[in-house]
Amino acid sequence: MAEPKANEHMEKIVSLCKRRGFVFQSSEIYGGINGFWDYGPLGAELKRNVKDFWWRSMTQKREDVVGLEATIIMHPKIWEASGHTSTFSDPMVDCLLTKKRFRSDQIDPQSGTVYFYSGAKDSTSEKVSSEAYSVLIGNGKHPDHARKIARQFYTTRGVANPELLGERTELIEGTVRYNPGNGSLFTEPRPFNLMFKTYVGPVESEDNVAYLRPETAQAIFVQFKNVLDVARQKLPFGICQIGKAFRNEINPRNFTFRSREFEQMELEFFIKPDETASKSSFPGEPGTEPSWGWEQWHKYWVEERVKWYESIGLSRDVLDFHWQQKSELAHYAKATVDILYKFPFGTQELEGIAARGDYDLTQHQKFSGKSMAVFDEETKERFIPHVIEPSAGVDRLILALICNAYTEEETTDEKGLKETRIVMKLHPRVAPVKVGIFPLLKNKPELVKKAQEVRDLLRAEMPVFYDDAGAIGRRYRRQDEAGTPFGVTIDFDTLGETPDLKDTVTLRDRDSMQQQRMAIGDLVPFLLSKIR
Ligand code: GAP
């Protein structure tokens, strides 16, 4: 259970996201739609920066990874081959009283006294319900609470004035069969497939069923041979993709953390099977040594991904790792490491790095009848490659970056009064706006003209925000909340009032609030060195 303090912290973050235009509830004017979120002007920029930087790091800056952009709806056989049609489900229960739906594996175990009833009869009519029902209440709680809930339940079954039948009690420990909110019995858990279904073409028949992809990975596996043919790559090499994925989550929660529509950034890195790889020398430097075994490649990718998170401001002390136990592993995985972030509501998964063996390519070979084997010139052998998969959620990462950036600081304003400064300490690489541009006064045409020149100079290279409204301190605060790492102020010295300072501006650093004087001509190289 999250601490009240954590809730309060999340509420402030959610409120800032709406107030400043990072994240809005989808379809808000119609009351919203659970599990769907939109990104406002600042959020859209932040998300784009994160995806672009991932793409640059994962493919453009590497020799051994190429990109793919596949469709969201694909042949339904793909999901049979991958196992999603039969196994991609969560256990679902309904509260028998309120009909509210829960994931049974997310219910906290409870202890107390269970009140069992064999049925109820109506005290004013002949109506009887012989449906068994039970209610759990905490030890020491008054039994009338259980009876009240049970009467409400039988009322929903058409017994208007229920007299409860066959009451008996039992002490119980660590059960997940009752709704923690009201004590009512749940239905038996049943699997609920998380894939969104649709129909392709005008006829809504079983033959035309298709699914919105629940992960981007499968498109990479089914296009593996096409990419291999055109990309002039030899194993080991990877194919990466960024795109939407859809899961009809039973309980979307924790703001954008668990959504029904989200984006993934996935890499499928194809390697030789160990028995082939071990025929030549290993290990050595990645990329230069094609013959690493899967465990080395797995560790290599975990380390690469952690370094990547560090490079956008998530240091190792806000991350954590979970090496999945055998019993937790997905059906396709030999090993999985989850990279976790310490969210205010708990330490939770950002990215999973799975060693998927040859499961997926073998399945697609079986279901499509097309060979997925490659021929290795070095060993003169044919084999189906194995896969290491770093799979990250874009939206979860955006939430982690926002939570990590949100800072409240006590400061003093220009009049010497204490105030709380809210500042989003986003890494300059991902910050939506890179620099705020402020003419000291807006009613001095020379200042405004110069400030607009500086704006145009910088705008050619990076997103900027021009603001001439209100006191300079307030303008700084507005940009602090937006996460803008730098502020440039154009003042009378810029115009030459102090001759030595002509054509210089003050450059303010968001986090330290330190200001330095810098020549306009030095701004672009300085700022580019910070944001790239
Ligand atoms: N191809 C492997 C795969 O999809 P996953 O662990 O189910 O593995 C990978 O998902 C990542 O996608 C997660 O680590 C998480 O960041 C993100 N993700 C999964 N389900 C999500 C959801 N409902 N909402 C937001 N992000 C989600």
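As a basis for the values below, the full set of heavy atoms in this structure was taken, side chains included, without hydrogen atoms, waters or symmetry mates. Counting starts at 1 for both ligands and their atoms, in listed order.
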Colleague: For atom 17 (C) of ligand 1, what is the closest protein heavy atom, and at what distance to 0.1 Å?
Modeller: G393 CA, 3.7 Å
Colleague: What is the nearest protein non-hydrogen atom to atom 6 (O) of ligand 1, stated with its residue, atom name and distance?
Modeller: E349 OE2, 3.2 Å
Colleague: Grab the two heavy atoms, one from G436 and one from Q479, that are nearest each other, plus how far apart they are.
Modeller: CA-CG, 4.5 Å
Colleague: Are any of the N/O atoms in R258 less than 3.5 Å from those in ligand 1?
Modeller: no
Colleague: Name the orientation class of the two ring planes belonging to W297 and Y300 (parallel below 30°, tilted from 30 to 60°, perpendicular beyond 60°).
Modeller: perpendicular
Colleague: Looking only at protein heavy atoms, which one is nearest to atom 15 (C) of ligand 1, and how far off is it?
Modeller: R396 NH1, 3.4 Å
Colleague: Pairs under 3.5 angstrom only: tabulate donor-acceptor contacts from the side chains of residues 66-78 to other protein residues two or more places apart or in another chain.
Modeller:
unit_1	atom_1	unit_2	atom_2	d
T71	OG1	I73	O	2.8
H75	ND1	K77	N	3.1

Colleague: Check D38 against S26 and note the closest heavy-atom contact, atom names and distance.
Modeller: OD2-CA, 3.6 Å
Colleague: Can you tell which part of A217 has a heavy atom less than 4.0 Å from ligand 1: side chain, backbone, both or neither?
Modeller: side chain
Colleague: Flag E249 as yes when one of its N or O atoms lies below 3.5 Å from any N or O atom of ligand 1, and as no otherwise.
Modeller: yes
Colleague: N/O to N/O below 3.5 Å, does that happen between E215 and ligand 1?
Modeller: yes
Colleague: What is the closest protein heavy atom to atom 7 (O) of ligand 1, and at what distance does it sit?
Modeller: R247 NH1, 2.8 Å
Colleague: Which residue and atom name correspond to the protein heavy atom nearest atom 16 (O) of ligand 1, and how close is it?
Modeller: L350 O, 2.8 Å
Colleague: Under 4.0 Å from a heavy atom of E351: give me the atoms of ligand 1 that qualify, with their elements.
Modeller: 14 (O)
Colleague: Going by the atom numbers of ligand 1, which of them fall below 4.0 Å from some non-hydrogen atom of R356?
Modeller: 1 (N), 2 (C)
Colleague: Could you go through K47 and E263, starting from their C-alpha distance and side-chain angles, then the distance that decides it, and tell me whether this counts as side chain to side chain contact (heavy atoms under 4.5 Å, CB included)?
Modeller: CA-CA 10 Å; K47 204 173 178 193; E263 271 186 281; 2.8 Å; yes
Colleague: Does the side chain of D64 pick up a donor-acceptor pair with the side chain of Q233 at under 3.5 Å?
Modeller: no
Colleague: Taking the inter-plane angle between the rings of F343 and F257 on a 0 to 90° scale, is it parallel (under 30°), tilted (30 to 60°) or perpendicular (over 60°)?
Modeller: perpendicular
Colleague: Among the heavy atoms of D395, does any lie under 4.0 Å from an atom of ligand 1?
Modeller: no
Colleague: Would you please say whether a donor-acceptor pair under 3.5 Å links the side chains of T256 and W37?
Modeller: no
Colleague: Give me the residue, atom name and distance of the protein heavy atom closest to atom 24 (N) of ligand 1.
Modeller: S259 N, 3.0 Å
Colleague: Report the nearest protein non-hydrogen atom to atom 18 (N) of ligand 1: residue, atom name, distance rounded to 0.1 Å.
Modeller: F262 CE1, 3.5 Å
Colleague: At what distance is the nearest protein heavy atom to atom 10 (O) of ligand 1, and which residue and atom is it?
Modeller: Q264 NE2, 3.4 Å
Colleague: Ignoring hydrogens, what is the shortest heavy-atom contact between L319 and K342? Give both atom names and the distance.
Modeller: O-CE, 3.8 Å
Colleague: Look up atom OG in S368 and atom CZ in F221, then write down how far apart they are to the nearest 0.5 Å.
Modeller: 14.0 Å
